[in-house]
Number of protein chains: 2
Amino acid sequence: MEDGVSAKELREIIRQLERKLGILEKNEMGCCGVSFAQCHAIVEIGRGKKVSLNLLADSLGLDSSTMSRTVNNLVNNGLVQRELDPEDRRYVTIQLTESGKKVFQHIEETMNNYFLGVWERIPTDKRAQILESFQILLTAFQ
Amino acid sequence: MEDGVSAKELREIIRQLERKLGILEKNEMGCCGVSFAQCHAIVEIGRGKKVSLNLLADSLGLDSSTMSRTVNNLVNNGLVQRELDPEDRRYVTIQLTESGKKVFQHIEETMNNYFLGVWERIPTDKRAQILESFQILLTAFQ
DNA sequence: ATAAAATAGTTGCAACACACAACTACTTCT
DNA sequence: AGAAGTAGTTGTGTGTTGCAACTATTTTAT
């Protein structure tokens, strides 16, 4: 049962990573003045430029009602714009306002900086291996 | 700026992993009949056998007030026992009841099984590398 | 063409998760 | 003995979430 032991090791190490990431996100949050869920939504909207509500909900794994409210808060904060799609008026198109874009860029920058720091703390000869390992693991999660 | 590109790659891949893990946890939850926070607490209590509230709160990165309430719910569900420490009566010792232990074992089993499955889907010659990579990354997060 | 089914989104509801601040009850330090 | 410190609980407010019921619109089937 050697495999069982190693699998537990894998579980444990992922658990530790999860915790670190949790702390990271918690710290991240304070900075941009938006809540956790809002922060995620902004990143997702910013990347897609223009998205519908359900697409957004799917990509974040949330119920569309939850998404609707989160977007609503973002609209109230002036970070996001919601418009009816003239093609099919059931849809709304969601996109960042100017101040939304600023927040988005700020998040992106901070995150990229943070990861650059992490990257630089990884020994040079191990870097490629780490990226490869994550790829493999991702597919193993299927 | 090659490093910047790779660091972004790292960020992206971790993001993807986070999402997978999130989905995993969500599925996990339903099974044991306890909430997300409760599930985490049970695992932590089960591992430590006997812990104080603040220790528990620290290990999960939560405020002690939050922890107090979560434990309270677990006590109400009959999964956890709370006793005054006779040595120092400021402390409470928290431990699993018999049914709590059952839930704990069930969670452990399910998780270990899941990770065994993941482990087996990793090519044999890549396994050691993956564990090593995670270790390195963990320290790089510092 | 029109009624029925499907789809996108919103709102009412109820529960959970969480932190800060103020509190009680103990213990330790001086 | 009194002051300071520590463990835990409770009050309060915010944010997150999903389900179910609803409206508005478009597509499909008769």
Side-chain angles (χ1 to χ4, degrees), chain A residues 18-19 22-23 25-30 32-45 48 50-77 79-95, chain B residues 18-19 22-23 25-30 32-45 48 50-77 79-95:
Chain A
E18 263 188 307
R19 197 154 305 163
I23 292 166
E25 283 212 72
K26 213 172 267 182
N27 295 345
E28 213 43 54
M29 283 248 312
C32 38
V34 296
S35 75
F36 188 80
Q38 286 176 348
C39 187
H40 277 251
I42 286 175
V43 170
E44 208 60 37
I45 296 168
K50 248 188 181 184
V51 273
S52 77
L53 190 96
N54 276 348
L55 234 69
L56 202 54
D58 282 350
S59 65
L60 291 173
L62 297 172
D63 191 86
S64 62
S65 64
T66 304
M67 203 66 249
S68 175
R69 272 179 264 258
T70 301
V71 167
N72 212 34
N73 291 335
L74 288 171
V75 170
N76 289 339
N77 293 354
L79 301 174
V80 149
Q81 221 171 333
R82 192 165 32 185
E83 277 169 21
L84 275 177
D85 181 342
E87 305 283 308
D88 182 335
R89 287 166 57 211
R90 289 171 300 182
Y91 290 73
V92 293
T93 62
I94 296 161
Q95 55 187 319
Chain B
E18 262 187 308
R19 196 154 303 163
I23 293 168
E25 283 213 72
K26 212 173 266 181
N27 294 343
E28 214 43 53
M29 283 249 311
C32 38
V34 296
S35 78
F36 189 79
Q38 288 176 346
C39 187
H40 277 252
I42 286 174
V43 171
E44 210 60 36
I45 298 168
K50 248 188 182 185
V51 273
S52 77
L53 191 97
N54 276 349
L55 233 71
L56 202 55
D58 282 350
S59 66
L60 291 173
L62 296 172
D63 191 86
S64 62
S65 64
T66 305
M67 203 66 248
S68 175
R69 273 181 260 259
T70 302
V71 167
N72 212 33
N73 290 335
L74 288 172
V75 170
N76 290 339
N77 293 353
L79 301 174
V80 150
Q81 221 170 332
R82 193 166 30 185
E83 276 169 23
L84 276 177
D85 181 344
E87 304 284 308
D88 184 334
R89 285 166 56 211
R90 289 172 299 182
Y91 290 74
V92 294
T93 61
I94 297 160
Q95 55 187 320

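Hydrogens, waters and symmetry mates play no part in the numbers below; they use all other heavy atoms, side chains included. Lettering follows sequence order; numbering is per chain, from 1. Keep in mind that what you see is a predicted model, and the values were worked out from it rather than measured.
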How long is the line joining [atom1] of [X] and [atom2] of [N], in whole Å?
| X | N | atom1 | atom2 | result |
| --- | --- | --- | --- | --- |
| B:Asn72 | D:dG8 | CG | C1' | 11 Å |
| A:Leu55 | C:dG9 | CG | C1' | 14 Å |
| B:Glu87 | C:dC26 | CD | P | 16 Å |
| A:Asn73 | D:dT14 | CG | C1' | 11 Å |
| A:Leu56 | D:dT16 | CG | P | 14 Å |
| A:Asn76 | D:dT14 | CG | C1' | 15 Å |
| B:Asp58 | C:dC18 | CG | P | 15 Å |
| A:Tyr91 | C:dT7 | OH | P | 9 Å |

Euclidean distance, [Y] [atom2] relative to [X] [atom1], rounded to 0.5 Å:
| X | Y | atom1 | atom2 | answer |
| --- | --- | --- | --- | --- |
| B:Arg69 | B:Leu74 | CZ | CG | 14.0 Å |
| B:Ser68 | B:Leu62 | OG | CG | 12.0 Å |
| B:Thr93 | B:Ile45 | OG1 | CD1 | 11.0 Å |
| B:Ser64 | B:Leu55 | OG | CG | 12.0 Å |

Query raised in the report: side chain to side chain contact (heavy atoms under 4.5 Å, CB included) with B:Leu53: which of B:Asp58, B:Thr70, B:Val92?
Result: B:Val92
Requested in this report: Spell out, as yes or no, whether a donor-acceptor pair under 3.5 Å connects the side chain of B:Asp85 to the backbone of B:Glu87.
Outcome: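 Such a contact is found between B:Asp85 side chain and B:Glu87 backbone.
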Report task. Please state whether the phosphate of D:dG8, meaning OP1 or OP2, lies under 4.0 angstrom from any side-chain nitrogen or oxygen of B:Asn54. Result ->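 Yes, because at least one side-chain N or O of B:Asn54 sits under 4.0 Å from OP1 or OP2 of D:dG8.
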Query raised in the report: For the side chain of A:Arg89, counting heavy atoms from C-beta on, which of D:dT9, D:dT25, D:dT16 is nearest?
Result: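 That would be D:dT25.
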Report task. Counting heavy atoms from C-beta on, name the nucleotide in D:dT26, C:dC26, D:dT9 closest to the side chain of B:Arg90. Result -> C:dC26
Query raised in the report: Near DNA chain C, which residues from residues 61-71 of chain B have a heavy atom under 4.0 Å away?
Result: B:Gly61, B:Leu62, B:Asp63, B:Ser65, B:Thr66, B:Arg69
Report task. Could you tell me whether the side chains of A:Asp63 and A:Ser65 share a donor-acceptor contact shorter than 3.5 Å? Result ->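 Looking only at side-chain atoms, A:Ser65 and A:Asp63 do form a donor-acceptor pair, the distance falling under 3.5 Å.
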